[in-house]
Amino acid sequence: MFEPSATVPISYCAEWMDGYGARGWKIDMAVDDPEIIASTSETGLHIPTSVLIHDILDHHLCGLPPSGHRNEAIALHQLALRTGADPSPDLVQMVDEDLIHGHVLGETIHTFLPENLRRQLPEELAEGQAIAHHLLSILGQEAFRELLIKRLVELGQDGAAQARAHYQSSGLQYNQRGSLGLVMQSLLVELDVMALTSAWQKAHAAFLLGNGQCALCIDLPISVCFESIYPT
C-alpha cells in the first residue's frame with residue numbers, strides 16, 4: 001500500500017436517522033451536520049462524479065465546511081474547475097430556495113450581502129426575512145434575484161485562491177483533481193454496489209489519496225481495499 005497524502009473517512013447507513021432517511025455515504029466530518037444528506041455513487045446528468053466526491057475534493061480538501069451558502073458557492077466554483085460543469089443551476093437553486101427569502105446558512109445576511117445592498121438597509125432591520133422583503137420591495141424580484149446569483153459567482157471566484165492553496169497544502173497536485181475525482185468515483189461505485197448487494201445496514205471506509213494512486217479501504221463490516229492508479 002502506498003503512503004497517502006490525505007485520508008478521508010466515510011460512513012454508510014442503509015437509512016440515516018437524520019430526518020431525511022436517505023441511504024448512502026457521508027464524509028465523517030459531516031455526519032452530525034443537519035444540512036448534509038447522505039449520497040450514493042449516483043452522478044448528475046452533466047457531472048461525472050457524485051455528491052460525496054464533491055464533498056471531499058471541492059469542500060473538505062479545499063478547507064471548506066460542508067454546509068453554508070458561501071462555502072457552497074466556493075465549492076461549486078471548484079467543481080466547475082474540476083469537471084467543467086456549469087454551476088449556474090445550483091447557484092440559482094440556492095437563491096430561489098433560500099437566499100431570496102433571507103435564509104442564509106453559515107453567516108448573517110449582513111455579512112453575506114455585498115456592500116452596495118447593505119447600504120440600502122434601514123438600521124432597524126435585523127432579521128433576514130425582513131431584510132429580504134425590504135430589498136425585494138425596492139429592487140423587484142428579478143433584479144434582486146440576479147444580484148444574489150452574481151454575489152454567489154463572485155464569492156466562488158474570490159475564494160478560489162485560498163481553496164487551491166489549502167488543497168495543495170495536503171501534498172496533492174491541484175491540477176490532477178479531475179483525474180483523481182474520476183478514479184474515486186469508480187472505486188465508490190464498486191463500494192456502493194457491494195453495500196447494496198450485501199444489504200449492509202452500516203459500514204465504514206476511508207479514501208486514501210495520493211498523487212497517481214488512490215485506494216478505498218473498508219474496515220466495517222468487512223476488511224478489504226480497492227486500489228487504482230490515475231495519470232499524473
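In what follows, residues are counted from 1 in the order of the sequence shown.
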- Query: Does the distance from a Lys or Arg side-chain N to an Asp or Glu carboxylate O, for Lys26 and Asp33, drop under 4.0 Å?
  - Reply: no
- Query: Are Asp192 and Arg23 within salt-bridge range, i.e. N to O under 4.0 Å?
  - Reply: yes
Side-chain donor-acceptor contact under 3.5 Å, [X] with [Y]:
X: Asp98; Y: His69; value: yes
X: Tyr174; Y: Gln78; value: yes
X: Glu72; Y: His77; value: no
X: His103; Y: Glu97; value: no

- Query: Taking the side chain from Ser186 and the backbone from Val183, do they hold a donor-acceptor pair closer than 3.5 Å?
  - Reply: yes
- Query: Are Phe112 and Val92 linked, directly or through other ILVMFWY residues, by side chains that come within less than 4.5 angstrom of each other?
  - Reply: yes
- Item | Hphob cluster co-occupancy, Ile36 + Ile10, side-chain heavy atoms under 4.5 angstrom | no
- Item | Minimum heavy-atom distance between Leu117 and Leu113, given as atom pair plus value | CD1-CD2, 3.9 Å
- Task: Grab the two heavy atoms, one from Leu52 and one from Ile27, that are nearest each other, plus how far apart they are.
- Result: CD1-N, 3.7 Å
So, do [X] and [Y] sit near enough that their side-chain heavy atoms are less than 4.5 Å apart?
X: Arg82; Y: Leu57; result: yes
X: Ser50; Y: Thr40; result: no
X: Ile47; Y: Leu79; result: yes

- Task: Assign the ring pair Tyr12 / Trp200 to parallel, tilted or perpendicular, where the plane angle (0 to 90°) is split at 30° and 60°.
- Result: perpendicular
- Could you walk me through whether Gln176 and Leu172 pass side chain to side chain contact (heavy atoms under 4.5 Å, CB included), step by step? CA-CA 8 Å; Gln176 294 301 318; Leu172 292 170; over 6 Å; no
- Should Asp28 and His204 be marked as a side chain to side chain donor-acceptor pair (under 3.5 Å) after you check the CA-CA gap, both sets of side-chain angles, and the distance that decides it? CA-CA 9 Å; Asp28 275 10; His204 190 264; 2.8 Å; yes
